[in-house]
Peer 1: 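Sharing a structure with you now.
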Amino acid sequence: MLDIAEHVDETLPIDLWVMDNAFELIAQGPPTPHYQINVSGRSLGEPGLLGRVQDLLHKHDVDPRRITFEITETARIDNRSEALYFARAIRELGCQLALDDFGAAYSSFIYLKSFPIDLVKIDGAFITDIVNSPTDQALVRSIVEACQAHGVLTAAEYVRDAATIELLRGFGVDFAQGYEVGAPMPIAGAPASSGTSIEFDLRIDSPA
C-alpha cells in the first residue's frame, strides 16, 4: 500500500493522517513521557510540512517535547534543503529527530553527518543474530562509534533476548527495543512510567 502511495505521490496525506490520529491518542492517553512517530523521507521534503505539524500539535494540545519524529526511507528524500529546514525547525519547537532502520543503506551515514539527529535506531537486520555474528558485531560497533562522535544516542531494534542486551550494553548502545523489552500494545495500555517510551525503548547503559 505504501509503495503505491509513493508511486502516486500521496505519502504526505497519509503521514499527516497518521500524525493527526497519533496526536489525538497521545492527548487522551496516559502520561507516558515520550512517543515516536514515523514520517517518510518523501514527506520530509514537502514544503509546508512544518506548518501542518505545528497546527496538529496545537489542535491536540500535545507538548512537542514528548514527540520524536523517526525519518524513514532517507534515500527517497527528494528536496534535501526543505527536509533540512524541517529537521532544524522541528527541533527548535522541542521535538526530537531520529533516523529509523539505520545502516540499511549507505545514505544513512550521509544524513547522520548532515542532519541534526538526536537518535539513531540501528536496523534490526544487524541485531537479530548479533550474538553469533562477528560481522554484525563489527558493523554495530562502527555505527555506535560514528554516532558517539556526533553526540547522537543509539537504539537497537529487534532485541529478543538478554544475551543480546548484554552484548549491546558492552558496545555502548543506549536503548533496546523489542520483545525482550516489551510487546507492542495500544497507547491506552501503555504504562505511565518515566523510563518507558511508547515503543518500550529500554535504557541499557546500566542493568535493568
Side-chain angles (χ1 to χ4, degrees), residues 15 22 33-45 53 64-77 80 83-131 133 135-160 164-182 184 195-206 208:
D15 280 339
H34 213 81
Y35 295 83
Q36 299 172 350
I37 300 174
N38 286 359
V39 58
S40 71
R42 182 72 62 86
S43 295
L44 201 71
V53 172
R65 294 172 296 181
R66 300 175 67 193
I67 304 298
T68 291
F69 287 104
E70 294 185 13
I71 306 172
T72 63
E73 301 165 336
T74 51
R76 300 193 180 190
I77 295 178
R80 187 167 174 174
L84 184 57
Y85 167 75
F86 173 83
R88 290 171 174 167
I90 205 70
R91 291 179 80 246
E92 290 179 2
L93 285 180
C95 298
Q96 294 187 3
L97 209 60
L99 287 178
D100 197 17
D101 299 330
F102 190 89
Y106 174 74
S107 59
S108 298
F109 286 92
I110 295 175
Y111 287 103
L112 174 63
K113 179 179 178 179
S114 58
F115 272 61
I117 300 299
D118 299 288
L119 175 72
V120 154
K121 303 188 75 172
I122 303 170
D123 191 277
F126 304 118
I127 304 299
T128 52
D129 193 42
I130 191 170
V131 173
S133 172
T135 299
D136 287 340
Q137 292 175 23
L139 288 169
V140 169
R141 279 197 298 264
S142 67
I143 290 172
V144 173
E145 289 173 1
C147 290
Q148 289 176 340
H150 287 81
V152 175
L153 296 173
T154 51
E157 302 175 332
Y158 291 23
V159 175
R160 297 173 179 173
T164 299
I165 286 184
E166 289 304 315
L167 187 65
L168 296 172
R169 180 182 289 126
F171 291 168
V173 176
D174 298 290
F175 297 95
Q177 177 186 324
Y179 279 94
E180 176 64 19
V181 179
T196 308
S197 82
I198 194 59
E199 290 197 334
F200 294 99
D201 288 358
L202 175 67
R203 188 87 190 198
I204 59 173
D205 55 1
S206 59

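Along the sequence shown, residues carry numbers from 1.
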Peer 1: Measure across Ile127 and Ala156 and return the closest heavy-atom pair with its distance rounded to 0.1 Å.
Peer 2: CD1-CB, 3.8 Å

Peer 1: Contact between Leu119 and Gln96 at the side-chain level, heavy atoms closer than 4.5 Å - yes or no?
Peer 2: no

Peer 1: Would the distance check show the side chain of Ser114 and the main-chain N or O of Ile110 forming a donor-acceptor pair, the cut-off being under 3.5 Å?
Peer 2: yes

Peer 1: Assess whether side-chain contact (heavy atoms from CB on, under 4.5 Å) is satisfied between Phe109 and Ile143, documenting all intermediate values.
Peer 2: CA-CA 9 Å; Phe109 286 92; Ile143 290 172; 4.0 Å; yes

Peer 1: Measure across Pro116 and Leu84 and return the closest heavy-atom pair with its distance rounded to 0.1 Å.
Peer 2: CD-CD1, 3.9 Å

Peer 1: Show the nearest heavy-atom pair for residues Ala98 and Ile117, with the distance to one decimal.
Peer 2: CA-CG2, 4.4 Å

Peer 1: Please give me the minimum heavy-atom distance between Leu97 and Ala87, naming the atom from each residue.
Peer 2: CD2-CB, 3.3 Å

Peer 1: Quick one: are Phe115 and Leu99 in side-chain contact, heavy atoms under 4.5 Å?
Peer 2: no

Peer 1: Can you give the donor-acceptor pairs under 3.5 Å from side chains of residues 144-154 to other protein atoms, not counting sequence neighbours?
Peer 2:
{"unit_1": "His150", "atom_1": "ND1", "unit_2": "Ala146", "atom_2": "O", "d": "2.9"}
{"unit_1": "Thr154", "atom_1": "OG1", "unit_2": "Asp174", "atom_2": "N", "d": "3.3"}
{"unit_1": "Thr154", "atom_1": "OG1", "unit_2": "Asp174", "atom_2": "OD2", "d": "3.4"}

Peer 1: So if I apply the side chain to side chain contact (heavy atoms under 4.5 Å, CB included) rule between Phe69 and each of Val39, Leu44, Asp15, which one comes out positive?
Peer 2: Val39

Peer 1: Using side-chain heavy atoms (C-beta onward) and a distance below 4.5 Å, is Arg91 in contact with Asp118?
Peer 2: yes

Peer 1: A side-chain contact here means heavy atoms from C-beta on lying under 4.5 Å apart; do Asp101 and Glu157 qualify?
Peer 2: yes

Peer 1: When you look at CZ of Arg65, are more than 12 heavy atoms from neighbouring residues, nucleotides or ligands closer to it than 6.0 Å?
Peer 2: no

Peer 1: Quick one: are Ile130 and Phe171 in side-chain contact, heavy atoms under 4.5 Å?
Peer 2: yes

Peer 1: Just how far is it from atom CG of Asp129 to atom CZ of Arg160, taken to the nearest 0.5 Å?
Peer 2: 10.0 Å

Peer 1: Where do Ile165 and Ala176 come nearest, in terms of heavy atoms and distance?
Peer 2: CG1-CB, 4.4 Å

Peer 1: Say you draw a straight line from CZ of Phe126 to CD of Gln137; how long is it, rounded to the nearest 0.5 Å?
Peer 2: 13.5 Å

